[in-house]
Amino acid sequence: MSEIVEDFERFGFKAQILRGVAEAGFTIPSPIQSEAIPHIMAGRDLIGQAQTGTGKTAAFGLPALDKIERHDRVEILVITPTRELATQVSDELFKLGRFAGVRTVTVYGGQSSFRQVDLISRGAQVVVATPGRLLDLLNSGRLKDLAPRIVILDEADEMLDMGFLDDIKEIFKFLSPERQTLMFSATMPAPIRDLANRILRDPVSVKVTAEETTNKDIEQRYFVIEEYERDDAILRLIDAEEPSRSIVFVRTKKEADRLSTMLIARGYSAKGLHGDMEQKSREETIKGFKSGQLEILVATDVAARGLDVKDVSHVFNYHIPFDPESYVHRIGRTGRAGRKGAAVTLVTPLEFKELQRIKKNVGAEIKRETVPTLGDLKKAQSAKLINSILHARINDEANALLAHLEEQIDSRQISLKLLSLLVEKQGAQGPDNIGLSAQRLEKLLNDQKRHQGSKGGGFGRKNFGGGGRSHGRFSKGGDHGFGDRSRLDRGGYGDQGRSDRAGDRGGYNTRSDRDHGNFGGKKPRGGRDR
Ligand code: ADP
Ligand code: MG
């Protein structure tokens, strides 16, 4: 076990906590974890800022759990804005702390408070609560003895959005000043800073920027092609890249159906995923993809929202997405949990402007490459074939077959026939050259340079709000804007896709459902505290 969680050992956690880490499958600490945990272990108050899905729960959860000393009282209080988040955090802390015998109770509105208080009094070390219910219990004196040594305010900016700031201030009046306080948030608007000044003591600030979390592990490339070449290009790139598991993003459900049918006809194991599918077949498709039965998912943006599959090696953009935020969201399906990923985008001359806009807003490098020719692909495939033949093990059946064949034809004939069979199976196909001719490409690049020169600012701000926001893609909007959506499921460490998670969860998270049921009672979904 110690080998697996080597990178977590340096924090100095107890063995039982490391076991929880290993069982959770974490191997490498996320950036926010690397930076925040040592300070928390050292006893400092802390403000942690990182996007959703970057592992903030374990960033505060692991050191907090590690610090539990007494088992007969509440030592850790986590305050989260919604009951769904409370449940998620509680599940995660239960998972990480189970070998240390940690018991967690979730406290939120809409459920019997007597039961919650009763569970706490029967001995829980961790309480995860939403502000409204917690304040009710404190005001009515039913949580008289609550004196946690560590208090965590999770998703503080969301608390602000939901109007909980006054409640939070009230809550802290009940808490002992002898405490370590941690505050986590994706963004840090002024009221949150003010709040931090009130409730934290000489805090360390730890901030992990979007670049560090999303781009480092995702290699981003684009290919300029003609409109009519899309299918050939996507096939060629799939063949050349050999993704273990990939998502091809398309713009419409019709396209998802057409492209998946085309891929299946060519022998790939693919399926479409779009919003018009029944929940059941959607779940089955996702399950097939997660289990490795399906190699390629052809998905629309909406359908893939919140999708958290660990080993997606490639994201293909069959069309360039409509806006930078979709782009970031799409490519965030790969390179998850510290793994490497590749994002491959097809771009036509007409879409070239869109690409510049995305490049500008994303901030990361998106490299231009050329689609491998049929000849290149065949060469690469031959090299691999030769390699695998050289390294193949000879088995008894082969011996018997060869003896049989040699009675009929000579060895050279046999070899040639076998190789032909193998080559055919590799199935390189399509036209030799795919992509813009050198001439057209040069003109396109020159036009773009000129255009940029005359416009100064480029394309950046036309449709995408203010310029100069390095994290603009994660801005918060109104109820229906992208800001809202991207809050729900921005990329990173297996984000939880708050909005449609209930659907995804059904079949796959039974363990934590069960775990939770053991102690916390029935798990409600969604909704806010009051
Ligand atoms: P945040 O609070 O920043 O939105 P979470 O704490 O909910 O993110 O973590 C998102 C997901 O990433 C969870 O499923 C969590 O179990 C997983 N995770 C957290 N840390 C790691 C890690 N070091 N390695 C792999 N997965 C991790
Ligand atoms: Mg969180």
Side-chain angles (χ1 to χ4, degrees), residues 4-11 13 17-18 20-37 40 46-65 78-98 128 130 152-159 161 182-187 206-210 212-214 216-217 290 306-312 329 332-333 335-341 474 486-499 501 504-505 508-509 511-513 515:
I4 310 175
V5 292
E6 208 173 83
D7 284 324
F8 279 92
E9 272 176 11
R10 68 183 161 91
F11 300 125
F13 295 142
I17 298 293
L18 284 176
V21 172
E23 290 285 318
F26 300 177
T27 48
I28 309 161
S30 71
I32 187 77
Q33 290 164 3
S34 294
E35 297 198 26
I37 291 174
I40 303 174
L46 178 136
I47 303 177
Q49 189 183 348
Q51 296 156 249
T52 301
T54 51
K56 293 193 287 296
T57 314
F60 64 73
L62 288 170
L65 292 168
V78 185
I79 309 172
T80 69
T82 65
R83 59 184 184 185
E84 196 190 14
L85 283 172
T87 313
Q88 275 177 30
V89 168
S90 176
D91 283 351
E92 180 104 342
L93 296 185
F94 178 86
K95 188 171 73 179
L96 297 171
R98 62 199 299 186
V128 183
T130 53
I152 297 129
L153 210 57
D154 192 23
E155 311 268 0
D157 54 355
E158 207 152 315
M159 307 252 199
D161 287 355
L182 313 172
M183 190 166 110
F184 282 82
S185 197
T187 60
V206 166
K207 182 176 171 181
V208 174
T209 62
E212 280 174 72
T213 53
T214 56
K216 213 172 46 186
D217 294 328
K290 284 189 172 173
L307 197 65
D308 180 16
V309 181
K310 288 242 155 71
D311 301 305
V312 175
H329 172 65
R333 302 302 100 194
R336 297 173 84 76
R339 290 178 176 82
K340 300 276 175 231
F474 298 131
S486 64
R487 267 198 76 69
L488 297 179
D489 46 19
R490 319 180 255 227
Y493 275 70
D495 64 43
Q496 310 275 358
R498 322 290 192 214
S499 66
R501 183 141 183 269
D504 281 353
R505 272 182 82 114
Y508 314 117
N509 210 356
R511 195 181 74 181
S512 72
D513 276 352
D515 288 341

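Remember, predicted model here, so these are calculated numbers, not experimental data. As the structure lists them, so they are numbered: ligands from 1, and atoms in each ligand from 1.
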*Asks:* Contact between L153 and M183 at the side-chain level, heavy atoms closer than 4.5 Å - yes or no?
*Replies:* yes

*Asks:* Does any non-hydrogen side-chain atom of D7 lie less than 4.5 Å from one of T27?
*Replies:* no

*Asks:* In terms of side-chain heavy atoms, does D157 have a donor or acceptor partner in S185 at a distance below 3.5 Å?
*Replies:* yes

*Asks:* With backbone taken as N, CA, C and O and side chain as the heavy atoms from C-beta onward, which portion of F8 lies under 4.0 Å from ligand 1: side chain, backbone, both, or neither?
*Replies:* side chain

*Asks:* Does I32 offer a backbone N or O that forms a donor-acceptor pair with the side chain of K56 under 3.5 Å?
*Replies:* no

*Asks:* Could you tell me which N, O or S atom of E155 is nearest to the Mg ion (ligand 2)?
*Replies:* OE2

*Asks:* Enumerate the atoms of ligand 1 whose separation from the nearest heavy atom of K95 is less than 4.0 angstrom.
*Replies:* 16 (O)

*Asks:* For Q88 and T57, what are the C-alpha separation, side-chain angles and deciding distance, and is it a side chain to side chain contact (heavy atoms under 4.5 Å, CB included)?
*Replies:* CA-CA 9 Å; Q88 275 177 30; T57 314; over 6 Å; no

*Asks:* So if I count the atoms of ligand 1 from 1 in the order they appear, which ones are less than 4.0 Å from some heavy atom of S30?
*Replies:* 23 (N)

*Asks:* If you take all heavy atoms of T130 and R83, which pair is closest and at what distance?
*Replies:* CG2-N, 3.5 Å

*Asks:* So which atom in F13 and which in F8 form the shortest heavy-atom distance, rounded to 0.1 Å?
*Replies:* CD1-O, 3.8 Å

*Asks:* Please check whether G55 reaches ligand 1 - meaning an N/O of the residue sits under 3.5 Å from an N/O of the ligand, judged on distance alone.
*Replies:* yes

*Asks:* I'd like the name of whichever of K56, E92, Q88 reaches closest to atom 15 (C) of ligand 1 through any heavy atom.
*Replies:* E92

*Asks:* A50: heavy atom below 4.0 Å from ligand 1, yes or no?
*Replies:* no

*Asks:* Does any N or O of ligand 1 fall below 3.5 Å from an N or O anywhere on I28, backbone included?
*Replies:* yes

*Asks:* Give the atoms of ligand 1, by number and element, whose distance to some non-hydrogen atom of T54 is under 4.0 Å.
*Replies:* 1 (P), 3 (O), 8 (O)

*Asks:* Could you tell me whether T57 and ligand 1 have an N or O pair separated by under 3.5 Å?
*Replies:* yes

